[in-house]
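Data block below; observations after.
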Protein chains: 2
Amino acid sequence: MHHTELLADLRQRGHRLTPQREMILNVICEGNGHLTADEIIARIRKQYPYINKSAVYRTLELLARLCLVNPTDFGDGKVTYEIHRHPHHHHLVCRQCRKMIEVDGAVFAPLEKLLRDEYAFAADLDHFAIFGLCRKCQPASSPAPTLRKRRA
Amino acid sequence: MHHTELLADLRQRGHRLTPQREMILNVICEGNGHLTADEIIARIRKQYPYINKSAVYRTLELLARLCLVNPTDFGDGKVTYEIHRHPHHHHLVCRQCRKMIEVDGAVFAPLEKLLRDEYAFAADLDHFAIFGLCRKCQPASSPAPTLRKRRA
DNA sequence: CTCCTTATTGCAACTGGTTGCAATAAGGAA
DNA sequence: TTCCTTATTGCAACCAGTTGCAATAAGGAG
Ligand SMILES: [Mn+2]
Ligand SMILES: [Mn+2]
Ligand SMILES: [Zn+2]
Ligand SMILES: [Zn+2]
């Protein structure tokens, strides 16, 4: 996804094209992955030191509203932003070792269907951070009761 | 769930019982539902005006770590806290009219199983805010194509 | 009860993010 | 090209929440 496409998309939806917005979209498209607002600002400053914090936050909010980027809180005290990718994906985040596993968006298909069928609710299930414990960090599977019984 | 039980739980897990912690737990148990830190502080101040903000936030973080309360961001600029209920439940939040629908924790069972089976990941799926569009706020279902064909 | 260790509190400074408002500049009309 | 409307920016003040550190007080040992 090139940033000019996103700019055109913005324009078509009635929003104005400003140099700030172009720089922000450019940085988000180039730096692939999850970027914090701070990182986005730092990267823009290399070329244009005057970029303003409020403009960046407001643009990110606009892009999120239009589903062009996904804001995500991985629990590190700063929200990250990533270009909206297709197909969707999510992240499993280990609450202990912080390892992240990427999973396909399809894992939410059953939930999505259930919510639509039972509650007529159209859930936004684009890009989740799901916390939990990875394989390595789970307590050793409870000593098999069968083992204890055998010993006794 | 009475707050003395939670106090005992805290103590058993090696944490100290302080008047501040007791007041915080009491408020969370009484005021049933989702309370913001501000609301918790305001309610405590009625009896004890000296309660300290940092102590409250640190206690809430502790209670969340011990799974005694669920912190949840409903997108209103303030995190809310609710006593951890059993069985689990989640909330569907309409992004347009803000209506909230409570759903049973079981809706996540298929996802939980998939993540455990495929990724050996033990997901924390206690209390989610799932955003989307409620029945009323969804754009009128696209004019049935069959209807168009019949007309043509 | 008295003393000791150290978890917890209180405070003030700080961080990430938001907001109201005046100044600026897209982009459409003429 | 010039003018106009109004979306967007920049700024400074603000808000929710966090952090480092010194003072306090839980709770265990004697
Ligand atoms: Mn991602
Ligand atoms: Mn709830
Ligand atoms: Zn892990
Ligand atoms: Zn609605």
Side-chain angles (χ1 to χ4, degrees), chain A residues 4 6-25 27-28 34-45 47-66 68-81 129, chain B residues 4 6-25 27-28 34-45 47-66 68-81 129:
Chain A
T4 48
L6 298 177
L7 276 173
D9 197 346
L10 264 191
R11 189 77 268 280
Q12 271 171 251
R13 302 215 219 173
H15 301 280
R16 294 186 181 172
L17 301 188
T18 69
Q20 290 88 338
R21 286 179 175 174
E22 175 161 7
M23 292 185 285
I24 292 164
L25 276 173
V27 163
I28 294 179
H34 309 109
L35 293 175
T36 65
D38 264 16
E39 289 168 341
I40 292 167
I41 290 172
R43 290 185 191 199
I44 293 174
R45 276 210 213 293
Q47 306 212 211
Y48 178 73
Y50 310 110
I51 187 74
N52 179 273
K53 175 171 87 149
S54 301
V56 171
Y57 280 110
R58 283 194 274 231
T59 296
L60 291 171
E61 194 235 348
L62 172 68
L63 297 175
R65 196 156 16 94
L66 301 178
L68 301 180
V69 309
N70 291 127
T72 310
D73 182 354
F74 286 108
D76 298 320
K78 304 183 182 188
V79 171
T80 68
Y81 299 84
Chain B
T4 49
L6 297 177
L7 276 173
D9 197 346
L10 263 192
R11 187 80 269 280
Q12 272 170 253
R13 302 215 219 174
H15 301 281
R16 295 187 181 172
L17 300 189
T18 68
Q20 290 88 339
R21 285 179 176 173
E22 176 161 6
M23 292 185 283
I24 292 164
L25 276 173
V27 164
I28 295 178
H34 308 110
L35 293 175
T36 65
D38 265 14
E39 289 167 342
I40 292 167
I41 290 172
R43 292 185 190 199
I44 294 174
R45 276 209 213 293
Q47 307 213 211
Y48 177 72
Y50 310 110
I51 187 74
N52 179 273
K53 174 171 90 150
S54 300
V56 171
Y57 279 111
R58 282 192 276 230
T59 296
L60 291 171
E61 194 234 349
L62 172 68
L63 297 175
R65 197 157 13 97
L66 300 178
L68 301 180
V69 309
N70 293 126
T72 310
D73 182 354
F74 287 107
D76 298 319
K78 305 183 183 189
V79 171
T80 68
Y81 300 83

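The shown structure was predicted, so the numbers you read here are calculated from the model rather than taken from an experiment. Per chain, numbering begins at 1; letters A, B, ... match sequence-line order.
Regarding contacts with the backbone of dG10(C), a side-chain N or O of Gln20(B) is found under 4.0 angstrom from either OP1 or OP2. Regarding contacts with the backbone of dG10(D), every side-chain N or O of Tyr57(A) stays at 4.0 angstrom or more from both OP1 and OP2. Checking the phosphate oxygens (OP1, OP2) of dG27(D), a side-chain nitrogen or oxygen of Arg11(B) falls inside 4.0 Å.
Atom pair Tyr50(A):OH and dT24(C):P shows a separation of 16 Å (rounding to whole Å applied). Following rounding to the nearest Å, Lys53(B) (NZ) and dG10(C) (P) show an atom-to-atom distance of 14 Å. Taking atom CG of Leu66(A) as the reference point, atom C1' of dA7(D) lies 14 Å away to the nearest angstrom. The nearest whole Å value for the distance from the CD atom in Glu61(A) to the C1' atom in dG16(C) is 15 Å. As a whole-Å value, the separation of Leu60(A) CG from dG16(C) C1' is 13 Å. Protein atom CG of Leu7(A) is 13 Å distant from nucleotide atom P of dT8(D), rounded to whole Å. Nucleotide dG17(D) holds its C1' atom 13 Å from the CG atom of Asn52(B), rounded to whole Å. Remark: C1' of dT15(C) and CG of Asp73(A) are 14 Å apart, rounded to the nearest angstrom.
A distance of 9.5 Å separates CD1 of Ile40(A) from CG of Leu25(A), quoted to the nearest 0.5 Å. Taken to the nearest 0.5 Å, the CG atom of Leu66(A) stands 4.5 Å off from the NE2 atom of His15(A). Remark: Arg13(B) CZ to Arg65(B) CZ distance equals 10.5 Å, nearest 0.5 Å.
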TODO: Would you please test Ile28(B) and Leu63(B) for side-chain contact (heavy atoms from CB on, under 4.5 Å) and show each step?
DONE: CA-CA 11 Å; Ile28(B) 295 178; Leu63(B) 297 175; 4.3 Å; yes
Open item on the list: Under the criterion side-chain contact (heavy atoms from CB on, under 4.5 Å), I'd like the reasoning laid out for Ile51(B) against Arg45(B): C-alpha separation, chi angles, the key distance, then a yes or no.
Closed with: CA-CA 6 Å; Ile51(B) 187 74; Arg45(B) 276 209 213 293; 3.5 Å; yes
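Checked against dG17(D), dT18(C), dT9(D), the side chain of Thr59(A) finds its nearest nucleotide in dT9(D). Out of dA16(D), dT19(C), dT18(D), the shortest distance to the side chain of Ser54(B) is found at dT18(D). Looking at the side chain of Arg16(B), the nearest of the listed nucleotides dG16(C), dA16(D), dA26(D) is dA26(D). Of all nucleotides listed (dG16(C), dG17(D), dT8(C)), dG16(C) comes nearest to the side chain of Asp38(A).
The number of heavy atoms from other shown groups lying within 6.0 Å of OH (Tyr48(A)) is above 12.
Pairing partner, dT8(D): dA23(C), with both Watson-Crick or wobble hydrogen-bond distances short of 3.5 Å. Checking dG17(D) for Watson-Crick or G-U wobble geometry (two distances, each under 3.5 Å) identifies dC14(C) as its partner.
Nearer the 5' end of DNA chain C, as judged by each residue's closest nucleotide, is the contact made by Leu62(B), out of Leu17(A) and Leu62(B). Both His15(B) and Arg21(A) lie near DNA chain D, and the one whose nearest nucleotide falls closer to the 5' end is Arg21(A). Along DNA chain D, the nucleotide nearest Thr36(B) and the nucleotide nearest Thr18(B) are compared for position; the residue whose nucleotide lies closer to the 5' end is Thr36(B).
Note on Tyr48(A): only backbone sugar-phosphate atoms sit closer than 4.0 angstrom, heavy atoms only; bases stay farther off. Contact annotation for Arg58(A): base contact, defined as any heavy-atom pair under 4.0 Å involving a base atom.
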